[in-house]
There are 2 protein chains.
Amino acid sequence: MSKTILVVDDEERLVSLVKTYLEREGFRVATAKNGRQALFIAREQKPDLIILDLMMPEMDGYEFMRVHRKERETPIIMLTAKIEDGDKVLGLELGADDYVAKPFSPRELMARVRAVLRRTGQSAPQGEMLRVGEVVLDRGLHSVKVSGSLIDLTPSEFDLLAVLMASPGRAYSRYDLLDQIQGAVYEGYERTIDVHIKNLRKKIEADPRKPRYIETVYGVGYRFAPE
Amino acid sequence: MSKTILVVDDEERLVSLVKTYLEREGFRVATAKNGRQALFIAREQKPDLIILDLMMPEMDGYEFMRVHRKERETPIIMLTAKIEDGDKVLGLELGADDYVAKPFSPRELMARVRAVLRRTGQSAPQGEMLRVGEVVLDRGLHSVKVSGSLIDLTPSEFDLLAVLMASPGRAYSRYDLLDQIQGAVYEGYERTIDVHIKNLRKKIEADPRKPRYIETVYGVGYRFAPE
DNA sequence: GCGATGTATGAAGGGATTGTGAAGATGAAA
DNA sequence: TTTCATCTTCACAATCCCTTCATACATCGC
């Protein structure tokens with residue numbers, strides 16, 4: 001039974017970005033454009049956590065919190081462009097559990113979501129397990145096992161593997177992969193992916209020279225071998 | 001139900017090149033020569049994504065974005081000759097989702113289109129599967145199966161096969177094929193196609209001497225056998 | 001059949017793509 | 001601050017592809 005998270009922001013692009021990331025972590029996601037909508041959805045779906053922008057038309061984040069807090073204790077993470085102390089204090093007084101300043105990295109937001117859920121006594125979702133051949137990746141536990149033994153991966157390596165394993169057989173371009181692990185606007189050098197792949201292979205392949213799982217698709221990118 | 005993409009640029013050759021590639025991926029494509037036209041078409045067709053040149057007569061890309069953003073949230077990929085930070089920042093502030101510096105490879109642009117669509121929550125077009133007889137080509141997965149087993153193809157071979165399979169029974173000249181796999185600028189030797197065909201046959205035909213799928217049309221070129 | 005033209009194929013050079021180790025940059029924790 | 005792990009970049013090596021060419025084979029018209 002996966003947790004539901006309500007994302008409230010008037011910027012559609014930001015909402016869908018956050019939604020993508022949350023879903024990849026195994027959460028169900030509801031969205032709203034303003035406080036009024038959010039209130040309606042919160043009553044109906046009873047989310048386990050709310051990610052809330054402060055600046056919105058119709059009914060802003062403060063107003064929403066004031067009303068919502070009278071009804072439920074749902075943990076709330078505030079998003080704010082202003083990083084002024086005043087905002088922070090006011091938000092925390094109203095009952096926010098954490099706040100994240102824009103612009104933020106998706107990875108940071110995910111970390112805070114997990115932290116808040118843990119702190120408020122709810123467990124992270126038991127991430128659906130991805131299993132291909134002898135490789136088992138557990139999103140919730142954030143762990144990877146190969147042939148039964150636990151493997152240590154860096155955050156980038158884990159994300160990369162999770163993306164590849166989510167669609168075995170599908171070839172991803174370096175750009176796609178960079179986009180998925182960095183989020184938002186691509187800034188870097190595509191070849192960075194090569195290095196992550198090399199390190200991943202060293203950790204999960206029996207013979208990194210002849211990879212059985214992470215295959216190279218010449219001229220395209222990489223893919224996880226379908227069974 | 002395929003996605004519509006609006007391509008806006010005053011260079012006709014570039015527009016038709018991009019159009020070709022997008023259509024091959026299964027998108028519907030609308031085009032415009034300047035911001036004014038683009039605005040009109042955007043209102044009428046409501047595209048799912050816009051690929052926008054910055055430098056144009058009549059109404060440039062910045063101006064277009066300013067006006068368009070007030071009406072819709074359509075994701076936008078900017079094309080720009082200048083890779084100056086100023087441009088990038090301004091473009092991103094105005095709401096571009098990504099930017100690509102000219103000159104770019106069609107393949108890179110396609111990757112970004114898919115990435116932006118995914119990021120903004122729209123799915124890429126259903127990698128329309130081409131299936132003829134025992135041969136199955138999946139554009140989304142970038143994979144080819146013959147009688148159930150996965151076949152490794154080089155980029156040229158894959159493109160070639162995709163073109164042929166898109167219209168079984170239709171004979172293409174070597175010139176046509178070269179044009180499709182090299183992207184517009186035809187410079188090469190038509191016989192190169194013969195070699196790619198030979199290699200393709202070796203990979204997908206049971207008996208390359210008596211091809212069942214890729215037939216030679218004497219004096220014309222090649223075609224994929226209709227069922 | 002015969003020549004002329006078109007196609008098939010193997011091999012090789014050059015070019016493009018990918019693999020890899022190491023150094024520098026970044027950022028978090030102590 | 002220093003330390004440490006990670007991420008990124010870079011240079012060079014290894015590998016794979018594309019193109020070209022030479023030669024063999026097939027098809028056509030006469």
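Chain letters run A, B, ... following the sequence lines, proteins first, then strands; residues in each count from 1.
Closest of all the heavy-atom pairs between B/Glu215 and B/Arg201 is C-NH2, 3.8 Å. A pairwise comparison of heavy atoms in A/Leu6 and A/Ala38 identifies CD2-O, 3.8 Å as the closest pair.
The interatomic distance linking B/Asp194 (CG) with D/dA24 (P) rounds to 18 Å, in whole Å. One interatomic measurement links the two molecules: CD of A/Glu190 to P of C/dT17, which rounds to 11 Å at whole-angstrom precision. Rounded to whole Å, the distance from CD1 on B/Ile193 to C1' on D/dT20 is 14 Å. Put simply, CG on A/Asp159 is 11 Å from P on D/dT8, counting in whole angstrom units. The distance between atom CG of A/Leu153 and atom P of D/dA5, rounded to the nearest whole Å, is 16 Å. A/Leu177 places its CG atom 13 Å from the P atom of D/dT8, with the value rounded to the nearest Å.
Judged by distance alone with a 3.5 Å cut-off, no donor-acceptor contact links the side chain of B/Arg191 to the base of C/dG6. Judged by distance alone, with hydrogens and angles left aside, B/Tyr218 brings a side-chain donor or acceptor within reach of the base of D/dT27, the pair sitting under 3.5 Å.
For NZ of B/Lys203, the number of neighbouring non-hydrogen atoms (other residues, nucleotides, ligands) closer than 6.0 Å is greater than 12. A/Asp152 CG: 12 or fewer foreign heavy atoms inside a 6.0 Å radius. For B/Lys145, the NZ atom sits in a loose shell: 12 or fewer heavy atoms of surrounding residues, nucleotides or ligands are nearer than 6.0 Å.
Projected onto DNA chain C by closest heavy-atom contact, B/Ile197 and A/Ile197 fall at different nucleotides, the more 5' of which corresponds to B/Ile197.
Close to D/dT19, at under 4.0 Å from its OP1 or OP2, lies a side-chain N or O of B/His196. Taking 4.0 angstrom as the limit, B/Thr216 places a side-chain polar atom (N or O) nearer than this to OP1 or OP2 of C/dA8. Residue B/Tyr222 places no side-chain N or O under 4.0 Å from the OP1 or OP2 atom of C/dG6.
When the local axes at the two ends of the helix from C/dG1-D/dC30 to C/dA30-D/dT1 are compared, using 5 base pairs at each end, they differ in direction by 40° after rounding to 10°.
Test A/Asp53, A/Thr31, A/Val29 against A/Val15 for side-chain contact (heavy atoms from CB on, under 4.5 Å) and you get one pass: A/Thr31.
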Does A/Leu22 form a side chain to side chain contact (heavy atoms under 4.5 Å, CB included) with A/Ile51? I'd like the steps, not just the answer. CA-CA 11 Å; A/Leu22 288 169; A/Ile51 296 174; 4.1 Å; yes
Quick one: do B/Tyr21 and B/Leu109 satisfy side chain to side chain contact (heavy atoms under 4.5 Å, CB included)? Show the steps, please. CA-CA 9 Å; B/Tyr21 273 85; B/Leu109 182 60; over 6 Å; no
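Within the nucleic acid shown, B/Thr154 comes within 4.0 Å of sugar-phosphate atoms alone, with no base atom in reach, counting heavy atoms only. Among the protein residues, B/Arg201 comes within range of the sugar-phosphate backbone only, with heavy atoms under 4.0 Å from sugar or phosphate atoms but none that close to a base.
The main-chain N or O of A/Arg212 is found under 3.5 Å from a side-chain atom of A/Glu205 such that the two form a donor-acceptor pair.
Across D/dC10, C/dT9, D/dC18, the shortest atom-to-atom separation from the side chain of B/Arg209 is found for C/dT9. Considering only the side chain of B/Thr192, D/dT19 comes nearest among D/dT9, D/dT8, D/dT19. Of the candidates D/dC18, D/dC7, C/dG10, the closest approach to any side-chain atom of B/Lys202 belongs to C/dG10. Out of D/dC18, D/dT6, C/dT7, the shortest distance to the side chain of B/Pro155 is found at D/dC18.
In the model, A/Tyr222 has a side-chain atom that pairs as donor or acceptor with a side-chain atom of A/Arg174 under 3.5 Å.
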Within the 4.0 Å limit for protein heavy atoms, which parts of nucleotides 22-30 of chain C are touched? Write it as a string from 5' to 3', B for base, S for sugar-phosphate only, - for none. ---------
